[in-house]
Amino acid sequence: MSEQADMQTDEQHYDPQALQVKWQRRWEELNPFAAPATPSGAGGKRYMLDMFPYPSGDLHMGHAEVFAIGDVVARYFFQKGYDVLHPIGWDSFGLPAENAAIKRNAHPAEWTYANIETQANSFKRYGISFDWSTRLHTSDAGYYKWTQWLFLRFFERGLAYRKGGLVNWCPNDQTVLANEQVVGGRCERCGAEVIRRELTQWYFKITDYADRLLDDMAQLEGGWPDRVLTMQRNWIGRSEGADVDFVIEGRDEPVTVYTTRPDTLYGATFFVVAPDAPLAGEIVSEEQREAFESYRAEVAKLSDIDRLSTEKEKTGVFLGRYAINPVNGERMPVWAADYVLSDYGHGAIMAVPAHDQRDLDFARAFDLPVRVVVHTGLADPGETGVATAGDGALVNSGPLDGLGKTEAIRKIIEVLSERGTGKAAVNYRLRDWLLSRQRFWGCPIPITHCADCGEVPVPDEQLPVTLPDLRGEALAPKGVSPLASAEDWVNVECPKCGGAAKRDTDTMDTFVDSSWYYLRYVDPDYEDGPFDVEKIRQWGPIDQYVGGVEHAVLHLLYSRFFTKVLHDMGMVDFTEPFTRLLNQGQVINRGKAMSKSLGNGVDLGEQIDAFGVDAVRLTMVFAGPPEDDIDWADVSPAASQKFLARAFRVMAETGAASAPGADVATGDLNLRKTVHKVVDEVTKLMESHRFNVAVARMMELTSALRKAIDSGPGAADPAVREGAEALAVMLSLVAPYAAEEGWERLGHPASVARAGWPVAEEALLVEDSVTCVVQVAGKVRDRLEVSPDISEADLQALALASERVRGFLSGAPRKVIVRAPKLVNIVP
RNA sequence: GGGGCCGUAGUCCAACGGCAGGAGACGCAUGACUUAGGAUCAUGACAGUGCGGGUUCGAAUCCCGCCGGCCCCA
């Protein structure tokens, strides 16, 4: 800073860094955001929750955005006088810590807890309104003890179980993944292509809750973004159809297939089994076995995405066997083909080539018959190669002939039910949640495996099963859990029979940890259970949740599932945990996600050093609607800083010119109207989460105050003070440091964060006159200043009397639309 | 292939079916204050709302089709 500037430095100089140092210390003493032990019930409660961070180094731009936006909501709740719970914790189990530990020959906890400290300090500097007494870490034994406790309750209820089967395996992270963690055939974490492996793993029976997860979304309509609800609906993928039993020649048990189009049963001309389904290997004829085995080996290399691609040429092998169509007794060849997945329905389908494109592609590739059974009026699929999936009258279908789709489905289900060869059925895309992970830094699964007793739960009083002290090389991925190598830890007595037994060596998916953390925040040190049931009754459910859309079907689905199970256990009285959800966008740079390889990363610490916390936060909030991505190249933290300096000077100058307590009624009326109008608008904008527009209104107010001080009633006018005080309070949601200092300059004790939201006076929102637009044929031809409560008749007369309007009229108007007091449209 | 969201000044973003004298901001230009300005203050220019239809007294806004972008499911 130049000497000149130093000399200019006066009471009104805005120095963000100095304010940060000053107020961070003061806030530590004041602790303005401590939640009451229980909400009083009088003024209402608000549980405001940000998705808790993973401690991967210091906070970054993405965190800065979520928490800036979440904090606007939280601080608004505080200002409105609610009892607010705004907690913070860390999702502190997970792979990056483990990988860092391997590289540094250290323990994952060292890296994890060091990063948590760094982030905690950054949060404090960033001025987020957390109640720090709520702080929790999912990797604390005091926390994961209860994750284990919950697992055991799920186990008791049959909601946690072990089964063998094909699972998604990430060859890079050397662990299995849940379906939700496979995105486009790749590992959601690291992007490696996922392969299939046959393994015995632990699952949560989320499919038992599929219907409730679907139905309870009705509660979330309007509170959650539609697209997240749609994504969850798609993910659950409920479809209605029928299970149809097909006899396979030479097999005692019939094979059930699921179809959404049982009405087309007469059009089934062949039968397809997933090559990786056990059924295929079982029924393949001796002559075809060799061909089948080599085909199966090929298919094993493919991802589901490849298999389902409509682009890909159809492949398959005839299994040398025939299935019998239950309605017409036809023999249909049984094929194995990769376009049928082993986990869809029952791993086998009836193929109706005329009315399903993939079946048709397959039929054409292998010269199988195509039979039209729905008359859609479109050309024969056998000729065109285009399947007809639409509605129409059934043909070649015995008793179904002439019926439409809906009727035919009803009828065929009736027929099948009578014969005992089928029934109406519902199918889901959702699969059970695979929760085992072959990694170290997670919550151990509290199960002991005993040769005699089988899976034996660790008794509650022995919880937590703590992690052994492994570090460095011992954690290197080898395809089995690192825990397996900790022999002292693994070998235990069976809790049931006392014989030799082994601990389960897998750890839980970290999404288990985060599926219930919001419940523990009400008392993170609670020792009589995972959470204080009574406190959750009072604080829950979460009124506003803020976080990224990347969890649309991961964390959010799992948490909803947990909540429902806990509801069934009588531990929570609500069935949906998050009443309202706000998905903020990403912070990108020059059109692309920030990444090391692109070299377009922006460092949050540097931005804060350069512009100050308030300016960075303001930039995040002002950039656009909260759901939109922010391209850092399109926004200007420098401009934010400039505005804050302007706003600060207004507050400081006002504070220097007057003291609190003046009679506002004596203030400049025009300015007062502006102030109250802005307050009214900002209030509504906050309620509807249009924070960027709210900031624009604060800018207008600042400009109005500037003008009033410079060339209006002057800084000492009570209206200026009223406006400056309102500005300080509203600004505190976005720029807490500048607002706090401004509030102090205005002569008020800290903290501005709890000063109370300004209330717009109705009387001051009424305009003396409004501008009425007079249109002729929809084009503006004149403007009239009229009273806001002018009658339609008076307004019409006034408009028709206008000289300027009459110039555009040649005779009596055909029609006059009057929307008093703002518009008249004359149709000539 | 199905479903959804979105296209407004050079840029980001506003606008209950009713004035696009764009709310706000970036950038640009001009002026004032200045030794100077990257500070501050003031002023100004820049789009007719992706394209084509329709509904309506009136459409950025509602409906249909197309183009372009993003997301989900396949």
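Naming convention: chains lettered A, B, ... in sequence-line order (proteins, then strands); numbering from 1 in each chain. Quick caveat: nothing in here was measured; it's all calculated off a predicted structure.
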- Query: Residues two or more places apart in sequence or in another chain: which of them pass ring-ring contact (aromatic ring centres under 6.0 Å, His included) with A/Tyr14?
  - Reply: A/Phe648

- Under the side chain to side chain donor-acceptor pair (under 3.5 Å) rule, what pairs show up with a residue in residues 612-629 of chain A, not counting sequence neighbours? A/Asp71-A/Arg617, A/Thr619-A/Ser640

- The nucleotide from B/C57, B/C13, B/C71 with an atom nearest the side chain of A/Pro625 is B/C13

- Item | Which nucleotides of RNA chain B pair, in dot-bracket form (Watson-Crick or G-U under 3.5 Å, | meaning another strand) | (((((((..((((....[...).))).(((((.......))))).....(((((..]....)))))))))))).

- Query: What residues form a side-chain hydrogen bond (donor to acceptor under 3.5 Å, both in side chains) with A/Ser636, not counting sequence neighbours?
  - Reply: none

Atom pairs, N/O to N/O, protein against nucleotides 15-17 of chain B, distance under 3.5 Å?
residue : atom : partner  : partner atom : Å
B/A15   : OP1  : A/Arg690 : NH2          : 2.5

- For A/Tyr209, ring-ring contact (aromatic ring centres under 6.0 Å, His included) partners two or more places apart: A/Phe561

- Reckon A/Asn825 touches a base, only the sugar-phosphate, or nothing at all at heavy-atom distances under 4.0 Å? base

- Message: Can you list everything that forms a ring-ring contact (aromatic ring centres under 6.0 Å, His included) with A/His689? Sequence neighbours excluded, please.
- Response: A/Phe691

- Using the C1' atoms only, state how far B/G50 lies from B/C5, rounded to an integer number of Å. 16 Å

Show me the protein contacts with nucleotides 1-9 of chain B, counting only N or O atoms at under 3.5 Å.
none

- Message: Please give the distance between the C1' atoms of B/C6 and B/U49 as a whole number of Å.
- Response: 14 Å

- Out of B/C26, B/G24, B/A74, which has the shortest distance to the side chain of A/Arg429? B/A74

- Which of the following nucleotides, B/A14, B/A23, B/C41, is nearest to the side chain of A/Glu700? B/A23

- Task: State which of B/C73, B/G24, B/U40 makes the closest approach to the side chain of A/Met699.
- Result: B/G24

- Of the listed nucleotides B/G24, B/A14, B/C41, the one nearest the side chain of A/Asn692: B/A14

- A/Lys684: what forms a side-chain hydrogen bond (donor to acceptor under 3.5 Å, both in side chains) with it, not counting sequence neighbours? A/Asp680

- On a heavy-atom basis, the closest approach of A/Thr207 and A/Leu430 is CG2-O, 3.5 Å

- Residue pairs passing the side chain to side chain donor-acceptor pair (under 3.5 Å) test with at least one member in residues 691-710 of chain A, sequence neighbours excluded, are A/Arg646-A/Ser703, A/Glu653-A/Arg706, A/Glu681-A/Arg697, A/Arg697-A/Glu700, A/Arg706-A/Asp710

- Query: Using atom C1' of each nucleotide, how far apart are B/A9 and B/C63 to the nearest Å?
  - Reply: 28 Å

- Atom P, compared across B/G52 and B/C70: separation rounded to whole Å: 24 Å

- Query: Among B/U11, B/C72, B/C41, which nucleotide sits nearest the side chain of A/Met231?
  - Reply: B/C72

- Query: Taking the side chain from A/Thr264 and the backbone from A/Arg261, do they hold a donor-acceptor pair closer than 3.5 Å?
  - Reply: yes

- Query: What does A/Thr771 touch in the nucleic acid at a heavy-atom separation under 4.0 angstrom: a base, only the sugar-phosphate, or nothing?
  - Reply: base

- Message: Just to verify, what does A/Tyr737 make a side-chain hydrogen bond (donor to acceptor under 3.5 Å, both in side chains) with, not counting sequence neighbours?
- Response: none

- Item | Syn-anti status, with the boundary at 90° from 0, for the nucleotide B/G27 | anti

- Against the side chain of A/Gln775, the closest entry in B/G18, B/U40, B/C72 is B/G18

- Residue set satisfying side-chain hydrogen bond (donor to acceptor under 3.5 Å, both in side chains) with A/Gln17, at least two apart, ordered chain then number -> A/Gln20

